[in-house]
Amino acid sequence: MKRSIEQRILSPKYVGRLEPRTGMRYSFVEEIDSVRRARLSLSLLIDEEDGIITDAAFHVFGPPYLILAADLLCEVILRKTHVQAKKLRADMLEKVLGPFPEKEGKWLNFSLSALDAALEPFLDLATKTVTPISGPPPSEENYHEEFPLLSHTEKLALIETILDDEIRPYVEMDAGGVTIQGLEEYVLKISYEGACTTCYAASGSTLSAIQNILQTKVHPDLTVTPVDLFV
């Protein structure tokens, strides 16, 4: 077990139980697996005005990887709308600390099942546009030294990989997409698809998040420019 994973299991960030709060919608659910003798309680607070999840907490009775799955779930859904959280998948949770062992992956889906139940009372809430992408966690990967030496094709392939792994899954939470239109020196031109084409965050917070991830994972001088936006 990796040290970072072990530390997260021994000292989870979001363990506890929330209480109702003025101006917030509250939900508390328990997910039980009697066969595996596991129980997960999940509590959420969601802003009544914009549908954004402002706080999340859990209690677990079960194996260590259930603790890890629940803690990652709470971390990822914070500051997202209930609509975005509803689209969360197991592979998105694994991106925070890395893949779960195959036999432990079931606890990710167990946690997501609890989330679905917890979100059920909020389906009537209106939501506002919120960038579903957050900045990347610290990574041992560092491409900035080799990136200038790559061929144009290799540079595009590298960027496509980062888009697939770090950006597209989260943009898809808002029924959107991102496509590369060209790369000139350190200027990456992209186009948006789906809901992103009419979302004004596409030229603000979403664009900043995409550029931040690519600068961290690819090269610090890389800038991202959207084309054909709002036309």
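The side chain to side chain donor-acceptor pair (under 3.5 Å) contacts involving residues 37-48 comprise nothing, where partners must be two or more places apart or lie in separate chains. Sorted by first and then second residue, the ring pair (Phe, Tyr, Trp, His ring centres under 6.0 Å) pairs involving residues 83-102 (not counting sequence neighbours) are Tyr65-Phe100. For residues 13-40, there are no ring pair (Phe, Tyr, Trp, His ring centres under 6.0 Å) pairs, not counting sequence neighbours. Among residue pairs with one or both ends in residues 63-78, those qualifying as salt bridge (charged side-chain N to carboxylate O under 4.0 Å, His left out) are Arg8-Asp71, Arg8-Glu75, Lys13-Glu75; sequence neighbours excluded. Identified under the salt bridge (charged side-chain N to carboxylate O under 4.0 Å, His left out) test for residues 151-163, with sequence neighbours left out: Glu160-Arg168.
Taking the side chain as every heavy atom from C-beta outward, Val29 and Ser27 approach each other to under 4.5 Å. For the pair Ile52/Lys80, no side-chain contact is recorded, criterion being any heavy-atom separation below 4.5 Å from C-beta on. Side-chain atoms of Phe58 and Ile67, non-hydrogen and from C-beta on, do get closer than 4.5 Å to each other. With contacts defined as side-chain heavy-atom distances shorter than 4.5 Å, the pair Leu44/Leu42 qualifies. Within the 4.5 Å cutoff, no side-chain heavy atoms of Thr225 are placed close to those of Ile190. With a 4.5 Å cut-off on side-chain heavy atoms, Glu172 and Met92 do not count as touching. When side chains are defined from C-beta on, Lys95 counts as touching Pro169, because their heavy atoms get closer than 4.5 Å.
Annotation: side-chain hydrogen bond (donor to acceptor under 3.5 Å, both in side chains) contacts of Thr179 (sequence neighbours excluded): Glu193. Listed by chain and residue number, Val187, Gln211 satisfy the side chain to side chain contact (heavy atoms under 4.5 Å, CB included) test with Thr223 (two or more places apart in sequence, or in another chain). By the side chain to side chain contact (heavy atoms under 4.5 Å, CB included) test, Val83 pairs with Thr81, Lys87, Thr127, sequence neighbours left out. With sequence neighbours excluded, the residues that form a salt bridge (Lys or Arg N to Asp or Glu O under 4.0 Å) with Glu184 are Lys189. When the side chain to side chain contact (heavy atoms under 4.5 Å, CB included) test is applied to Glu19, no partner is found at least two apart in sequence or on another chain. Considering only residues two or more places apart in sequence or on other chains, Asp33 meets the salt bridge (Lys or Arg N to Asp or Glu O under 4.0 Å) condition with Arg36.
Salt bridge present: Glu166 and Lys217 bring a charged side-chain N and a carboxylate O closer than 4.0 Å.
With rounding to the nearest 0.5 Å, the separation of CG in Leu10 from CD1 in Ile5 is 12.0 Å. Here the CG atom belonging to Leu156 is positioned 10.5 Å from the CG atom belonging to Leu150, to the nearest 0.5 angstrom. Note that the OH atom of Tyr186 and the CG atom of Leu222 stand 9.0 Å from one another [nearest 0.5 Å].
Note on Phe61: it does not cluster hydrophobically with Leu72, by side-chain heavy-atom contacts below 4.5 Å among ILVMFWY residues. At a threshold of 4.5 Å between side-chain heavy atoms, the hydrophobic network of Ile, Leu, Val, Met, Phe, Trp and Tyr places Val60 and Leu93 in one connected group. A chain of hydrophobic side-chain contacts below 4.5 Å, direct or via other Ile, Leu, Val, Met, Phe, Trp or Tyr residues, connects Leu68 to Val15. Side-chain heavy atoms closer than 4.5 Å link hydrophobic residues (I, L, V, M, F, W, Y) into clusters, and following such links, possibly through other members, connects Leu163 to Tyr170. Residues Phe122 and Leu73 fall within the same hydrophobic cluster, defined by Ile, Leu, Val, Met, Phe, Trp and Tyr side chains chained together at heavy-atom separations under 4.5 Å.
Within a 6.0 Å radius of CD in Glu49, no more than 12 heavy atoms belonging to other residues, nucleotides or ligands are found.
What you find for Ala56 and Ile77 is that their closest heavy atoms are CB-CD1, 4.0 Å. Pro99 approaches Glu94 most closely through the heavy-atom pair CA-OE2, 3.3 Å. Contact between Val171 and Gly177 at its shortest, heavy atoms only, is CG1-N, 3.5 Å. Pairing each heavy atom of Val227 with each of Ser191, the nearest pair is CG2-CB, 4.1 Å. For the residue pair Ala70 and Leu40, the shortest heavy atom distance occurs at CB-CD1, 3.8 Å.
No side-chain donor-acceptor contact under 3.5 Å links His82 to the backbone of Leu123.
Met24 pairs in a side chain to side chain contact (heavy atoms under 4.5 Å, CB included) with only one of the listed residues (Leu45, Ile53, Ile46), which is Leu45.
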List, one per line, each side-chain donor-acceptor pair under 3.5 Å for residues 104-119, sequence neighbours excluded.
residue	atom	partner	partner atom	Å
Glu104	OE1	Trp107	NE1	3.3
Lys106	NZ	Lys103	O	2.4
Ser111	OG	Trp107	O	3.0
Ser113	OG	Glu31	OE2	2.7

